[in-house]
Amino acid sequence: MPKIRRSHIGDRMSQIVIHGNTIYLAGQVGTANASVTRQTQECLRNIDTLLAEVGSDKSHILQTTIWLADMKDFGEMNAVWDAWVPNGHAPARACGEARLATDAYKVEMIVIAALPETGEAG
């Protein structure tokens, strides 16, 4: 049975959980009350940072779930997403509308990724 590793463990959640070769990230948000563009950029920067910490990167993302506080922001979020996602490595993705933790958050992203195979370049 593969070992479970956790990083950035808090009382309520871990920011990173690894089981086998699969990486699970907690939901990532940006700065409260910032624009959808800025919150999306910050979510993606957080994802990049957490994946790099465990030796992976955005080209190894398997699935992303995106929650928007309002679907009217879909185009604005996608403009940032489309510029960030690596060509040929788009993950499976879902995007829906949900009430987030507070009204100050407009975007939250949840990622499942793979650890690169030994010797594989990202």
Side-chain angles (χ1 to χ4, degrees):
M1 181 94 120
K3 179 178 166 186
I4 298 172
R5 297 182 299 167
R6 302 174 199 280
S7 296
H8 305 285
I9 302 166
D11 291 339
R12 183 166 291 145
M13 72 181 112
S14 298
Q15 288 296 311
I16 304 169
V17 176
I18 300 173
H19 181 253
N21 290 327
T22 306
I23 306 161
Y24 302 87
L25 299 184
Q28 299 301 305
V29 296
T31 300
N33 294 311
S35 68
V36 170
T37 294
R38 182 168 169 207
Q39 286 191 28
T40 302
Q41 291 167 335
E42 291 173 353
C43 287
L44 297 174
R45 190 169 29 254
N46 294 344
I47 291 165
D48 282 334
T49 299
L50 292 169
L51 290 176
E53 184 177 316
V54 296
S56 192
D57 61 52
K58 63 187 172 185
S59 71
H60 289 85
I61 295 175
L62 304 170
Q63 181 180 37
T64 302
T65 302
I66 302 170
W67 293 114
L68 296 173
D70 192 325
M71 284 304 289
K72 74 176 176 50
D73 297 325
F74 187 69
E76 186 176 348
M77 179 278 300
N78 270 331
V80 178
W81 171 271
D82 291 345
W84 176 81
V85 72
N87 190 30
H89 295 279
R93 193 186 100 164
C95 182
E97 182 177 291
R99 291 187 72 183
L100 301 182
T102 73
D103 291 341
Y105 293 113
K106 298 174 172 105
V107 181
E108 182 170 358
M109 296 187 183
I110 306 157
V111 165
I112 300 171
L115 287 168
E117 298 293 324
T118 304
E120 178 185 349

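What you are looking at is a predicted structure, and each value in this text was computed from that prediction instead of being measured.
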For the backbone of Ala114 and the side chain of Ser56, can you confirm whether one donor and one acceptor N or O come within less than 3.5 Å of each other?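 Yes; judged by distance alone, with no hydrogens or angles, the pair exists.
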
Main chain of Ala34, side chain of Lys106: is a donor-acceptor contact present, judged purely on distance under 3.5 Å?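 Yes: the side chain of Lys106 pairs with the backbone of Ala34.
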
Please say yes or no: joined through hydrophobic side-chain contacts below 4.5 Å, possibly via intermediate residues, are Ile112 and Ile66 part of one cluster?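 Ile112 does not cluster with Ile66.
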
Please tell me whether Leu50 and Leu115 are part of a single hydrophobic cluster in this structure, the criterion being side-chain heavy atoms less than 4.5 Å apart. yes

What side-chain donor-acceptor pairs closer than 3.5 Å can you find for residues 14-27, not counting sequence neighbours?
{"residue": "Gln15", "atom": "OE1", "partner": "Gln28", "partner atom": "NE2", "Å": "2.8"}

Listing, residues 88-98 side-chain donor-acceptor contacts under 3.5 Å, not counting sequence neighbours, or none:
{"residue": "Arg93", "atom": "NH1", "partner": "Asn78", "partner atom": "OD1", "Å": "2.9"}
{"residue": "Arg93", "atom": "NH2", "partner": "Asn78", "partner atom": "OD1", "Å": "2.9"}
{"residue": "Glu97", "atom": "OE1", "partner": "Met71", "partner atom": "N", "Å": "2.9"}

Residue pair Ile47 / Lys58, side-chain heavy-atom distance below 4.5 Å: no

Flag the pair Leu68 / Met77 as yes when at least one side-chain heavy-atom distance between them is below 4.5 Å, and no otherwise. yes

Would you please name every residue forming a side chain to side chain donor-acceptor pair (under 3.5 Å) with Thr37, sequence neighbours left out? Glu76

Using the salt bridge (Lys or Arg N to Asp or Glu O under 4.0 Å) criterion, which residues pair with Glu42? Sequence neighbours excluded. Arg38

Might you confirm whether atom CG of Asp82 has over 12 heavy atoms from other residues, nucleotides or ligands at distances under 6.0 Å? yes

Which ILVMFWY residues can you reach from Tyr105 by hopping between side chains whose heavy atoms are under 4.5 Å apart? Val29, Trp67, Leu100, Ile110

Quick one: list whatever passes ring pair (Phe, Tyr, Trp, His ring centres under 6.0 Å) with Trp81, sequence neighbours left out. Trp84

